[in-house]
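The structure appears right after this line, and notes come after that.
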Amino acid sequence: MEIDKFCQSCAMPLNDDIHGTNADGSINEDYCKFCYKDGEFTEDFTMEEMIEFCIPLTVANSDMDTQSVTVMLNKVMPQLKRWKKD
């Protein structure tokens with residue numbers, strides 16, 4: 001999985017229609033429009049809160065079950081730019 005082709009906050013696959021926006025209105029290449037708008041994150045979530053928020057959305061929009069999604073998000077989220085600890 002190429003992590004850079006996913007929102008660096010929620011792990012949603014990125015395409016031209018879903019990119020967030022910077023403060024100047026330009027496209028942000030790292031985040032989706034649901035996580036990042038006008039140069040700011042739309043929610044003040046911790047990584048754990050983001051995982052809990054994304055589990056039911058991912059289950060509803062994929063063929064994965066809750067347990068599989070939970071395992072996947074707990075593996076992927078710490079690698080994303082917003083949550084990665086240097």
| Which heavy atom in Met77 sits nearest to a heavy atom in Met50, and how many Å separate them? | CE-CG, 3.6 Å
| Listed once per pair and sorted, the side chain to side chain donor-acceptor pair (under 3.5 Å) pairs that draw on residues 50-66, sequence neighbours left out | Asp65-Ser68
| message | Please tell me whether Val71 and Met47 are part of a single hydrophobic cluster in this structure, the criterion being side-chain heavy atoms less than 4.5 Å apart. | response | no
| request: Using the side-chain contact (heavy atoms from CB on, under 4.5 Å) rule, take Leu80 and Ser9 through it: C-alpha gap first, then chi angles, then the decisive distance, then the call. | output: CA-CA 6 Å; Leu80 301 178; Ser9 177; 5.9 Å; no
| said: Running the 4.5 Å side-chain criterion over Ile, Leu, Val, Met, Phe, Trp and Tyr, what cluster does Tyr36 land in, apart from itself? | reply: Tyr31, Phe41
| said: With heavy-atom distances below 4.5 Å as the criterion, would you say the side chains of Lys81 and Asp30 are in contact? | reply: yes
| query | Can you check whether Val76 reaches Phe6 side chain to side chain, under 4.5 Å on heavy atoms? | reply | no
| field | Heavy-atom pair of closest approach, residues Glu29 and Leu14 | value | O-CD1, 3.5 Å
| task | Determine the minimum heavy-atom distance between Cys54 and Leu73, stating which atoms define it. | result | CB-CD1, 3.8 Å
| request: Return yes when atom CD of Glu40 has more than 12 non-hydrogen atoms of other residues, nucleotides or ligands closer than 6.0 Å, and no otherwise. | output: no
| query | Is the side chain of Asn22 donor-acceptor paired with the backbone N or O of Gly39 at a distance under 3.5 Å, no angle test? | reply | no
| request: Answer yes or no: is there a side-chain heavy-atom contact under 4.5 Å between Thr21 and Lys33? | output: no
| Got Gln8 and Trp83 here, is their nearest side-chain heavy-atom distance under 4.5 Å? | no
| remark: Closest heavy-atom pair, Val59 versus Met64, reported as atoms and distance to 0.1 Å, is CG1-O, 3.8 Å
| message | On a heavy-atom basis, which atom in Cys10 and which in Cys7 lie closest, and how many Å separate them? | response | N-SG, 3.5 Å
| message | Is it the case that the side chain of His19 and the backbone of Asn28 share a donor-acceptor pair, with hydrogens and angles ignored and the cut-off at 3.5 Å? | response | yes
| request: First locate atom CE of Met72, then atom CD1 of Ile51, and finally report the distance between them rounded to the nearest 0.5 Å. | output: 10.0 Å
| said: With a 6.0 Å cut-off (strictly less than), is the heavy-atom count around CG of Asp44, excluding the residue itself, greater than 12? | reply: no
